[in-house]
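Here the structure is laid out as structure tokens; the discussion comes afterwards.
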Amino acid sequence: MRIFLNDDAHDVEPGTLAAALEALGYGGRKIATAVNGRFVAAPARPVTALTDGDRVEVVAPMQGG
Amino acid sequence: MSFYGVELKSRLLLGTSRYPSPAILAEAIKASAAEVVTVSLRRESGSDRAGQSFWSLVRSLGVRVLPNTAGCHSVKEAVTTAHMARELFDTTWIKLEVIGDSDTLQPDVFGLVEAARILSEDGFEVFPYTTEDLVVADRLVEAGCRVLMPWGAPIGSARGLNNVYGLKSLRAHFPEIPLVVDAGLGVPSHAAAAMELGYDAVLLNTAVAEAGDPVAMARAFALAVEAGRTAYLAQPLEPRDMAAPSTPVIGKAALGD
């Protein structure tokens with residue numbers, strides 16, 4: 001299925017948010033996530049199923065003022 | 001001084017953005033003696049490690065972080081960003097920005113109050129980036145904010161305190177709420193002026209980060225904040241219209257015609 005992660009299209013195996021993140025290189029990283037504009041806490045990633053066309057946001061710490 | 005029960009010695013809060021290098025950022029934070037630094041969160045790709053290395057640097061400095069919702073233009077965006085920040089940085093503190101105008105980065109105070117209420121009810125400790133408007137400040141306190149952060153001038157403008165009267169009024173109306181001038185400061189004298197008004201602290205970023213020598217400027221701001229605070233406690237004179245001779249007139253030699 002195709003998901004959009006930070007606006008980029010990715011083809012991933014049907015499954016959970018945690019599995020998609022692992023497959024796309026985010027394993028073990030300090031990140032926060034949202035799916036279709038809704039925050040998904042880290043403990044919920046393994047039980048959050050993705051569906052075709054979902055929009056996933058992945059953010060990390062960044063400099064700020 | 002304390003924010004939400006956390007005692008702090010330094011009255012200077014420093015942003016972490018726009019420094020020439022991570023090493024200069026680290027040195028500037030040390031030179032400023034800041035105990036709180038602002039951070040943000042942005043998209044990161046699977047191959048990019050910039051965020052991870054930035055976080056390692058901040059952690060190595062042993063400072064407390066105040067995550068922001070910079071760039072958010074709606075309540076929903078700001079609230080979702082705050083939730084992501086709480087998990088990412090493991091803190092209930094949030095510098096809440098809801099921007100209403102792209103040119104001045106002026107806060108959307110209506111959205112700000114709404115987002116502050118939602119987040120406060122959800123256990124966040126909100127540091128709202130606001131204007132000096134008294135009624136908005138009242139609403140923010142009603143919404144649960146126990147710190148207020150009015151702007152000095154638009155973010156990054158280096159204009160200093162645009163509305164000294166408004167900032168003085170805010171201080172007088174909220175003697176018990178920690179007040180932080182956030183944004184718009186350009187030079188250390190601006191920070192000293194804010195502290196002389198009785199403000200509890202200042203928050204700045206660009207004035208240090210984009211100075212020719214950010215480390216020296218960080219030190220200069222730290223000195224100015226300390227000077228301004230000391231002056232406030234020493235009860236400065238009120239300005240007056242006419243001269244008042246400092247040298248006593250009585251006993252002056254009669255040398256005229």
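The sequence lines fix the lettering, A, B, ..., with proteins before strands; numbering per chain opens at 1.
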Report task. Sort B:Glu77 into side chain, backbone, both or neither according to what part of it lies under 4.5 angstrom from a heavy atom of chain A. Result -> neither

Can you measure from [atom1] ([X]) to [atom2] ([Y]) and round to the nearest 0.5 angstrom?
{"X": "A:Arg38", "Y": "B:Thr80", "atom1": "CZ", "atom2": "OG1", "answer": "8.5 Å"}
{"X": "A:Arg29", "Y": "B:Asp48", "atom1": "CZ", "atom2": "CG", "answer": "7.0 Å"}
{"X": "A:Asn6", "Y": "B:Arg42", "atom1": "CG", "atom2": "CZ", "answer": "12.0 Å"}

Query raised in the report: Does A:Pro43 reach the side chain of B:Glu87, with side-chain heavy atoms less than 4.5 Å apart?
Result: yes

Query raised in the report: Which residue out of B:Tyr129, B:Tyr19, B:Phe54 racks up the most heavy-atom pairs below 4.5 Å with chain A?
Result: B:Phe54

**Report entry** Between B:Ser45, B:Ala85, B:Gly15, the one whose heavy-atom pairs under 4.5 Å with chain A are most numerous
**Finding:** B:Ser45

Query raised in the report: Quick one: ring-ring contact (aromatic ring centres under 6.0 Å, His included) partners of B:Phe89, sequence neighbours excluded?
Result: B:Trp55

Report task. State which residues pass ring-ring contact (aromatic ring centres under 6.0 Å, His included) with B:Tyr199; sequence neighbours excluded, sorted by chain then number. Result -> none

Report summary line: Taking a cut-off of under 4.5 angstrom between non-hydrogen atoms, the residues of residues 53-65 of chain A near chain B are A:Glu57, A:Val58, A:Val59, A:Ala60, A:Pro61, A:Met62, A:Gln63, A:Gly64, A:Gly65

Report task. Report, by ascending residue number, the residues of residues 9-27 of chain A in heavy-atom contact with chain B at a distance under 4.5 Å; give 'none' if the set is empty. Result -> A:Leu24, A:Gly25, A:Tyr26

Query raised in the report: Do other residues, nucleotides or ligands put more than 12 heavy atoms under 6.0 Å from B:Arg18 CZ?
Result: no

Query - CZ/A:Phe4: more than 12 non-hydrogen atoms of other groups inside 6.0 Å - result: yes

Query raised in the report: What is the minimum heavy-atom distance between A:Ile31 and B:Gln52, and which atoms define it?
Result: CG2-NE2, 4.3 Å

Report summary line: Applying a strict 4.5 Å limit to non-hydrogen atoms, the region of A:Asp7 in contact with chain B is both

